[in-house]
Amino acid sequence: MYLLRLVTLVAVGGALSAPLAAQGIPRNARTNAVTVAPRFMVANPFAFAPTDSAPAVAIGTGMREQMKDVVGRDFQVVEQQQMNDALTQYGYPTDAILSPALATTLAKNIQARFLITSTLAKGQGGRYSVTARLLGVNDDAGNVVTLAQNQGESPQAFGKRLAQALDPLVESLPDAKACIDQRTSKPDKAVAAANKAIKVAPNHGLAHYCRALVAQDKKAPRAEVVKHLQASAKGDPSSLPVWTALATQYQQAKDTAKTLVAFKQMLRVAPTNQKLREELFKYFLQSGHPETALEVADEGLKIDPYNADLYDLKSNACLFLSNFKCAVDALETMYATDSTKADTLFFTKISAAAAEGEQPDTLRLLKWAQLGARKYPDNPTLLGYLNRGYSMTGQVDSVVAVTNRIIAKDTTAIVPALEAAQALINAPPATGAGSTTAPTSGSPRPTSSTPPAKGDTAKGTDSTAMASTSRAKEALPFLEYAIKYGDPQAKENAAALLYTAGAKLLQQPQDLQGAAELLRLAVQSATPTGKVGPASNYLLGLATLFQVPQIDPQAEKQKSCELARQEETLLTEAETALTAGRTVNQEAVDKNLGIIKQYKPRVASMLKAYCKRR
């Protein structure tokens, strides 16, 4: 025996209508009917715990055998061997435990008109309870019976007793169907047929639902519609259309308390329906009851601790409440309960939850992002969370490796590229911090001053030069990528990071040429009207001017025309850049412009002396 767990999203207020092929059952598979009696399928009870699969099959066998006597000649019960043949044909093992949603799809595919689905739960003393639901495969409502196993009762005998408890509901089923069939053409006969069914089963789910629809068609008072919907919900508490209709009536009556009750039951019926969850969570928040969804999940888990769908619901409720630890805990339990549900959405959700909050859970973020990326190696979202985990834990080399994987396949991956650049720029320094100064020489010395933060750098980046690092230049390819493929804001963020990287390279031990290279690109990429541009120009002026005292004595000693021309170029670039960045630090700029003015005659004389033969 096997336990097959399947996620089914039930449309709000509608019957199951997902494509058959999408649920693992061939669209064209059919089994020819042997008699004219409508086919009646009894599915094995669905159990969340794998250890309960054998009792579930035994209970299902007992129900199936007894149901033959219950239905008589009115219906043809699908034999167990026929079901197993169909399951084998569709790629499932014999005696497979199907979820109610998939059992419904199977019933449609083998042309059954009616079916019984059920769920199994273990109660006190190890005895089971089963909630069985009888309905037509295309009906919006049915009838539910819940029974507990007696002391010493075998599973097969328990199944037979369940079938007997469904006897009056089977007897009244044709009348309830007659109401639905005649509702629009012959409403009076429809009501009469429904009343016959209700006489047999006072809370007949389908019959009362039909009465409510007829009342709505006749524009009857709301009280009459609600009365029948409430009776229908008692008969079939698993009908999403019934609870949806009830919630609509309560909302129209502005009855918040009853609306909440209806919405809670809708979540119990369809805990994995994401669209439904989003709509109901919004209502819970607006009505001042954000904890309601969490209560629904916890209530259900007390009864059935192996229900993976309820853990999924709980995780969403925790995320809705911004309780990220609670969300991760619920998803981890869901994974432990049923790892087959761990798809891309699962790994995305648990990684996102671990990464959020004032204190992200970096250990669990790394754990689940690594598992997700291992299972789905080309998923850019999971790779992004993996990158974030590596970045948070200071694993710069891993950040670089993962980012290269991302941008190799996606030219829109600007954020990971910027984050990788930031990780490299902020990597621990190879040497201690030092002040921004130029080497001493006999020539005039430039004046430096680190520009103040202007509030317009990329989020999370440093705006001051704190420590030198040899890894700052390694960020250049990622920043060039962001500039090439990014929008104006991305370019501005890249320019801010280039500015930060250049500032770090101006610290001791300095890399003036590397700083100038980064700062030139920052100036080119920055928004002309922004604040990063002037700050980058200021530092570019320092980076180029600081090189002059290094070259000047060599030019003089070697009487080198080439070095003299290089000095001239650096002075010209420094003057232009400092002038453009004057608003950052006017006093320092003016002093350095004065130094440039002092250098110019000296360089001119060297050019005249050393370059006269060229």
Side-chain angles (χ1 to χ4, degrees), residues 10-15 131 133-136 138-146 168-169 171-270 273 276 279-289 292-293 295-296 299:
V10 184
V12 179
T131 298
R133 188 183 187 211
L134 165 65
L135 76 164
N138 295 312
D139 290 341
D140 287 338
N143 289 281
V144 170
V145 168
T146 300
L169 300 175
E171 177 188 346
S172 56
L173 190 55
D175 290 324
K177 289 288 290 181
C179 178
I180 294 294
D181 295 340
Q182 300 178 90
R183 170 195 149 203
T184 54
S185 60
K186 301 175 181 179
D188 292 339
K189 288 189 176 182
V191 169
N195 287 340
K196 288 177 64 178
I198 292 170
K199 187 175 181 181
V200 176
N203 289 319
H204 199 290
L206 184 60
H208 276 291
Y209 183 59
C210 183
R211 286 292 312 268
L213 294 176
V214 172
Q216 281 184 317
D217 294 340
K218 292 183 176 181
K219 301 189 183 307
R222 176 176 289 115
E224 182 178 350
V225 176
V226 170
K227 177 185 70 174
H228 288 297
L229 288 174
Q230 288 174 335
S232 177
K234 287 181 181 179
D236 185 7
S238 298
S239 170
L240 188 57
V242 170
W243 285 107
T244 301
L246 258 180
T248 300
Q249 294 294 328
Y250 292 150
Q251 280 188 293
Q252 291 175 352
K254 302 187 185 313
D255 191 330
T256 302
K258 290 183 177 179
T259 300
L260 285 171
V261 170
F263 281 170
K264 287 174 71 173
Q265 184 59 25
M266 289 166 69
L267 280 179
R268 295 186 184 100
V269 172
N273 188 327
L276 174 64
E279 292 300 320
L280 297 192
F281 286 5
K282 288 178 184 177
Y283 181 84
F284 295 153
L285 181 62
Q286 294 169 357
S287 62
H289 297 81
T292 302
E295 293 173 357
V296 171
E299 289 169 5

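Keep in mind that this is a model prediction, so the values were computed, not measured. Just so you know, residue 1 is the first one in the sequence shown, and it goes up from there.
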- Message: Once side-chain hydrogen bond (donor to acceptor under 3.5 Å, both in side chains) is applied, do any residues pair with Thr131, and if so which ones, sequence neighbours excluded?
- Response: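 Here the qualifying residues are Thr146.
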- Query: For the side-chain hydrogen bond (donor to acceptor under 3.5 Å, both in side chains) test, which of Arg222, Gln230, Lys258 pairs with Gln249?
  - Reply: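 That would be Arg222.
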Separation between [atom1] of [X] and [atom2] of [Y], rounded to the nearest 0.5 Å:
| X | Y | atom1 | atom2 | value |
| --- | --- | --- | --- | --- |
| Gln251 | Leu260 | CD | CG | 9.5 Å |
| Leu173 | Asp139 | CG | CG | 7.5 Å |
| Lys254 | Thr256 | NZ | OG1 | 9.0 Å |
| Met266 | Thr244 | CE | OG1 | 3.5 Å |

Could you tell me if the side chain of [Y] sits less than 4.5 Å from the side chain of [X], heavy atoms only?
| X | Y | result |
| --- | --- | --- |
| Pro187 | Asp217 | no |
| Leu280 | Phe284 | yes |
| Asp236 | Val242 | no |
| Glu299 | Lys264 | yes |
| Thr259 | Tyr283 | yes |
| Pro237 | Arg268 | no |

For [X] and [Y], which heavy atoms make the closest approach, and how far apart are they?
| X | Y | value |
| --- | --- | --- |
| Pro168 | Val200 | O-CG1, 3.5 Å |
| Cys210 | Arg183 | SG-CB, 4.4 Å |
| Ala178 | Ala193 | CB-CB, 3.9 Å |
| Ser232 | Gly205 | OG-O, 2.7 Å |
| Ala270 | Leu240 | CB-CD2, 4.3 Å |
| Leu206 | Asn143 | N-ND2, 4.4 Å |

- Do Asp175 and Arg211 meet the salt-bridge criterion of a basic N to acidic O distance under 4.0 Å?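 Here Arg211 does not pair with Asp175 in a salt bridge, since their nearest N and O are not under 4.0 Å apart.
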- Mind running side chain to side chain contact (heavy atoms under 4.5 Å, CB included) on Phe281 and Thr292 for me, showing each step along the way? CA-CA 8 Å; Phe281 286 5; Thr292 302; over 6 Å; no
- Should Lys218 and Val214 be marked as a side chain to side chain contact (heavy atoms under 4.5 Å, CB included) after you check the CA-CA gap, both sets of side-chain angles, and the distance that decides it? CA-CA 6 Å; Lys218 292 183 176 181; Val214 172; 4.0 Å; yes
- Message: So does Phe263 get a backbone contact from the side chain of Trp243, meaning a donor-acceptor N/O pair under 3.5 Å?
- Response: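 No; judged by distance alone, with no hydrogens or angles, the pair does not exist.
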- Any donor-acceptor pair under 3.5 Å linking the side chain of His204 with the backbone of Asn195?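 No, the answer is negative, given that no donor and acceptor are paired below the 3.5 Å cut-off.
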- Message: Evaluate Val226 against Tyr250 for side chain to side chain contact (heavy atoms under 4.5 Å, CB included), listing each step before the verdict.
- Response: CA-CA 8 Å; Val226 170; Tyr250 292 150; 4.1 Å; yes
